[in-house]
**Student:** 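The structure follows.
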Amino acid sequence: MAAGTEPPDPDPWRPFETDLLAQVVAALTAMGEPADPEVIRSLLDLEGGPQGDAALPVHRLAAAAKVPPSEFADAVLAAIRPRGNVESVSARGAYLNFGADSVRLTERTLRAVFTLGPSYGHRAPTPESACVEHTSANPTGPFHVGRVRNALIGDTLARALRAAGTPLTTHYYVDDLGRQTAMITWIWTKPLEQWPDEIRATMEGASPDEKPDHYRGRPYPAVSAYLKTHPIEAQEVADLVHRLETGKAPPEHRALAEEILSGMVRSLARLGVSFDEFVWESDFVRSGAVDQVLGRLQHAPHARMEENGAWAIDTTTYGLPKEQTHVVFQRGNGTSLYVSRDVAYHLAKFARFGWVIDVLGQDHQLHARTLNALLAELGEARRPEFVIYQDITVPDGGRMSTRKGSAIWLDQLLAEAVERARQEVLARREGLSAEEVEHIAEAVATGAVRYHILRVAPEKPVVFHWEDALSFEGRSGPFCQYSYARASSVLRKPEAGSPPYAFEADRLVAPDEAALIRLIARFPRVVEQSAHRAHVHSIAGYAHDLAERFNRFYHAVPVLRSGDEKASRVALVAAVRQTLGNALDLLGVTRLETM
RNA sequence: GGGCCCGUAGUAUAGCUUGGAUAUCACGGAGGCCUCCGGAGCCUCAAACCCGGGUUCGAAUCCCGGCGGGCCCGCCA
């Protein structure tokens with residue numbers, strides 16, 4: 001192959017496709033058939049059929065030529081000349097199957113992996129900046145597993161977008177206004193001995209040493225229930241809400257929210273989830289941005305004042321559900337509502353970012369449409385992109401609910417997962433230090449949890465089962481980690497030598513090798529697609545496929561025990577390790593050199 | 001009542017955007033594989049596109065209608 005100096009194409013499959021397309025077009029042209037490259041491209045199946053690396057069903061072309069499909073396929077076969085990166089063509093029925101030049105593909109793929117290393121699968125930076133807002137749970141208590149789906153989808157999408165070249169900022173929108181946080185402040189600003197008995201009972205056995213989200217969040221469900229039957233206290237909370245919304249929060253309010261939030265964020269950090277910025281809803285009230293929005297909305301095309309002085313937008317023209325003929329954006333008492341504050345927040349995001357993405361649970365679907373309607377009323381042309389995911393429910397039906405007591409805490413899940421992982425490690429390995437055991441157990445546990453939640457497409461509902469969430473085998477995070485550790489183990493052996501790994505592409509032609517290389521080559525497209533379509537679960541699927549392919553190769557083909565092929569196979573193992581590692585990084589699953 | 005999402009082997013999932021050949025992978029089930037580079041592994045087998053119409057040469061995929069599950073429809077967030 002020519003000059004090793006030119007930078008490798010980051011997408012190893014591209015030259016094959018370029019050549020293939022050109023050759024098909026040339027063949028059709030030679031046959032006197034119309035050959036619009038865009039049309040041909042849309043017909044090509046580049047995932048490859050059962051017979052090769054790419055397939056072309058010719059039914060449509062044959063119909064246009066008024067020739068039976070299989071006859072047409074044979075005619076194209078006779079007219080086409082495979083060369084360059086295309087090695088073979090064959091016809092089967094109405095399908096043409098193409099094979100890539102394996103040696104060139106291998107050369108290109110391994111060279112790209114070794115040259116780009118941790119950046120293999122990543123793209124060059126693009127100019128448009130983006131903001132991903134996710135999680136944004138009210139700071140009123142610990143995360144339950146249902147909420148974690150938001151955090152993991154958002155965090156992984158952010159990783160994928162960064163890999164795809166997007167300059168990205170992540171946001172956690174902290175809702176410190178409204179009833180939820182008001183209830184927390186209401187109860188905690190009273191001395192414990194003044195708490196109503198049924199609320200104080202929830203503090204039984206509590207210790208201030210608990211994580212603050214658990215400790216401060218303890219009375220929340222009881223407070224919520226209590227207020228339903230105690231109108232006087234409910235009024236106190238309502239008054240507090242009014243103070244919050246008019247920028248007159250008591251000093252303890254923000255501190256309590258921050259304290260609880262710190263505990264929540266600590267749990268997410270164990271899962272590798274972090275945020276660039278925390279954006280506080282109250283800041284938009286304080287800065288006057290919300291008042292500005294209210295003022296502008298009052299002059300919006302479909303604005304009108306209700307009987308008691310509240311303001312609303314007539315939304316009948318926005319295609320919202322029939323019942324929702326108007327959206328109130330300002331109360332009769334002059335204060336703002338959640339949507340109007342969200343409008344202020346989004347205007348601020350539009351001012352800074354070219355692309356605004358919100359990860360929302362399905363219960364926020366209508367809110368999203370309402371938000372869009374208000375943005376339209378303001379004459380704002382831009383819209384956020386919503387990534388909507390379905391709930392994680394508990395087996396006996398229903399969402400996880402803190403108030404109903406059906407929630408499974410993230411911390412509880414992690415504790416159980418770590419304990420199981422520790423047992424596994426102790427059963428399998430000896431001679432590890434206590435720190436090593438803990439490190440592996442933590443990585444396996446968090447890897448299992450992250451992978452388990454990420455592997456399902458966001459639009460699918462998920463029922464939580466402990467056994468599945470804690471599985472370390474099959475389609476799981478630990479399975480991927482295991483394969484990575486196994487590849488690492490091979491490369492650590494003295495016989496494996498050390499990088500840079502030299503290889504001869506024509507020695508990697510066994511079926512298990514060819515299949516593995518093709519999968520490695522696909523990685524950049526998987527990343528690009530999953531970022532583009534906000535389908536991060538396909539990265540999880542890819543990591544499993546790659547790990548599985550590697551295990552098959554490993555069992556079928558000797559590496560260190562082989563002869564002339566040894567160096568090339570070691571290089572292939574190194575390429576697998578790099579690619580699988582990059583995929584694990586995107587998933588936020590910790591790489592383990594040993595486990 | 002209206003709106004949005006989902007329905008694929010016993011269980012759980014991929015494929016659906018852009019229709020194409022034998023529908024992916026796992027758990028569970030049946031049967032195999034460690035004198036061998038890590039058995040959290042590998043090999044073989046059985047097993048699925050909710051129902052009914054439509055469009056099409058061709059439908060898991062697109063359209064319509066059912067049925068089943070989830071969520072939403074507040075001067076809450």
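For the numbers below, each heavy atom of this structure counts, side chains included, while hydrogens, waters and symmetry mates do not. Predicted, not measured: the structure shown is a model, and the values here were computed from it. Letters A, B, ... mirror the listed sequences (proteins, then strands); counts begin at 1.
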**Student:** Measure from NZ or CZ of A:R486 to the centre of the six-membered ring of A:Y554, then state whether that distance is under 6.0 Å and the direction lies within 45° of the axis.
**Tutor:** yes
**Student:** Please report the distance separating the C1' of B:rG29 from the corresponding atom of B:rA48, rounded so that it comes out in whole Å.
**Tutor:** 16 Å
**Student:** Going by modelled atom types, is there a donor-acceptor pair between the base of B:rA21 and the side chain of A:N97 at under 3.5 Å?
**Tutor:** yes
**Student:** The side chain of A:R475 lies closest to which of these nucleotides: B:rG20, B:rC27, B:rA12?
**Tutor:** B:rA12
**Student:** Can you sort out the partners of A:W13 under ring pair (Phe, Tyr, Trp, His ring centres under 6.0 Å), two or more places apart, ordered by chain and number?
**Tutor:** A:F16
**Student:** Using OP1 and OP2 only, check whether a side-chain N or O of A:K460 sits under 4.0 Å from B:rG7.
**Tutor:** yes
**Student:** Can you list everything that forms a ring pair (Phe, Tyr, Trp, His ring centres under 6.0 Å) with A:H465? Sequence neighbours excluded, please.
**Tutor:** none
**Student:** Do A:T335 and A:N333 get their side chains close enough for a donor-acceptor pair, meaning under 3.5 Å?
**Tutor:** yes
**Student:** Looking for any heavy atom pair under 4.0 Å, which part of the strands does A:Q362 touch: base, sugar-phosphate only, or nothing?
**Tutor:** base
**Student:** Between B:rA59 and B:rA21, how many Å separate the two C1' atoms, rounded to a whole number?
**Tutor:** 14 Å
**Student:** What nucleic acid atoms does A:E245 come within less than 4.0 Å of, heavy atoms only: base, sugar-phosphate, or nothing?
**Tutor:** sugar-phosphate
**Student:** So for A:H59 and B:rG58, does any side-chain atom that can act as donor or acceptor lie under 3.5 Å from a complementary atom in the base?
**Tutor:** no
**Student:** Closest to the A:R399 side chain: B:rC72, B:rC75, B:rA14?
**Tutor:** B:rC72
**Student:** Which residues pass the ring pair (Phe, Tyr, Trp, His ring centres under 6.0 Å) test with A:F553, sequence neighbours left out?
**Tutor:** none
**Student:** Where the side chain of A:N551 is concerned, which of B:rG70, B:rC37, B:rC42 is the nearest nucleotide?
**Tutor:** B:rC42
**Student:** Would you classify A:G332 as touching base, sugar-phosphate or nothing, given that sugar-phosphate means primed atoms plus P, OP1 and OP2, and contacts are heavy atoms under 4.0 Å?
**Tutor:** base
**Student:** Give me each pair satisfying salt bridge (Lys or Arg N to Asp or Glu O under 4.0 Å) with a member in residues 461-485 of chain A, each pair once, sequence neighbours excluded.
**Tutor:** none
**Student:** Could you measure between the two P atoms, the one in B:rG20 and the one in B:rC27, and give it in whole Å?
**Tutor:** 28 Å
**Student:** Please give the stem ranges for RNA chain B, sorted by first residue number, where a stem is three or more consecutive Watson-Crick or G-U pairs and both donor-acceptor distances are under 3.5 Å.
**Tutor:** B:1-7 with B:67-73, B:29-33 with B:41-45, B:50-54 with B:62-66
**Student:** Do A:T594 and A:R429 pair up side chain to side chain, a donor and an acceptor below 3.5 Å, judged on atom types alone?
**Tutor:** yes
**Student:** Just jot down the ring pair (Phe, Tyr, Trp, His ring centres under 6.0 Å) partners of A:Y501, sequence neighbours excluded, or say none.
**Tutor:** none
**Student:** Would you say A:Y95 stacks on B:rA21, if stacking means ring centres under 5.5 Å apart and planes within less than 30 degrees?
**Tutor:** yes
**Student:** Which residues in residues 487-497 of chain A have at least one heavy atom lying under 4.0 Å from any atom of RNA chain B?
**Tutor:** A:S489, A:V490, A:K493
**Student:** Show me the donor-acceptor pairs within less than 3.5 Å that the side chains of residues 487-497 of chain A make with the rest of the protein, sequence neighbours left out.
**Tutor:**
{"from": "A:S488", "atom 1": "OG", "to": "A:Y484", "atom 2": "O", "distance (Å)": "2.8"}
{"from": "A:S488", "atom 1": "OG", "to": "A:R577", "atom 2": "NE", "distance (Å)": "2.9"}
{"from": "A:S488", "atom 1": "OG", "to": "A:E593", "atom 2": "OE1", "distance (Å)": "3.1"}
{"from": "A:R492", "atom 1": "NH1", "to": "A:E593", "atom 2": "O", "distance (Å)": "3.0"}

**Student:** Do A:S483 and B:rG41 have a side chain to base donor-acceptor pair shorter than 3.5 Å?
**Tutor:** no
**Student:** What pairs meet the side chain to side chain donor-acceptor pair (under 3.5 Å) rule with one or both residues in residues 443-461 of chain A, with sequence neighbours excluded?
**Tutor:** A:D155-A:R450, A:T156-A:R450, A:E459-A:H535
**Student:** Can you tell which of B:rG39, B:rA12, B:rC73 lies closest to the side chain of A:R486?
**Tutor:** B:rG39
**Student:** Of all residues at least two apart in sequence or in a different chain, which pass the salt bridge (Lys or Arg N to Asp or Glu O under 4.0 Å) check with A:D342?
**Tutor:** none
**Student:** Give me each pair satisfying salt bridge (Lys or Arg N to Asp or Glu O under 4.0 Å) with a member in residues 327-336 of chain A, each pair once, sequence neighbours excluded.
**Tutor:** A:E245-A:R331
**Student:** All N/O contacts under 3.5 Å from nucleotides 43-50 of chain B to the protein, with atom names and distances to one decimal?
**Tutor:**
{"from": "B:rC43", "atom 1": "OP1", "to": "A:R552", "atom 2": "NE", "distance (Å)": "3.2"}

**Student:** Does the side-chain ring of A:H555 sit on the six-membered ring of the B:rG41 base, less than 5.5 Å centre to centre and under 30° in tilt?
**Tutor:** no
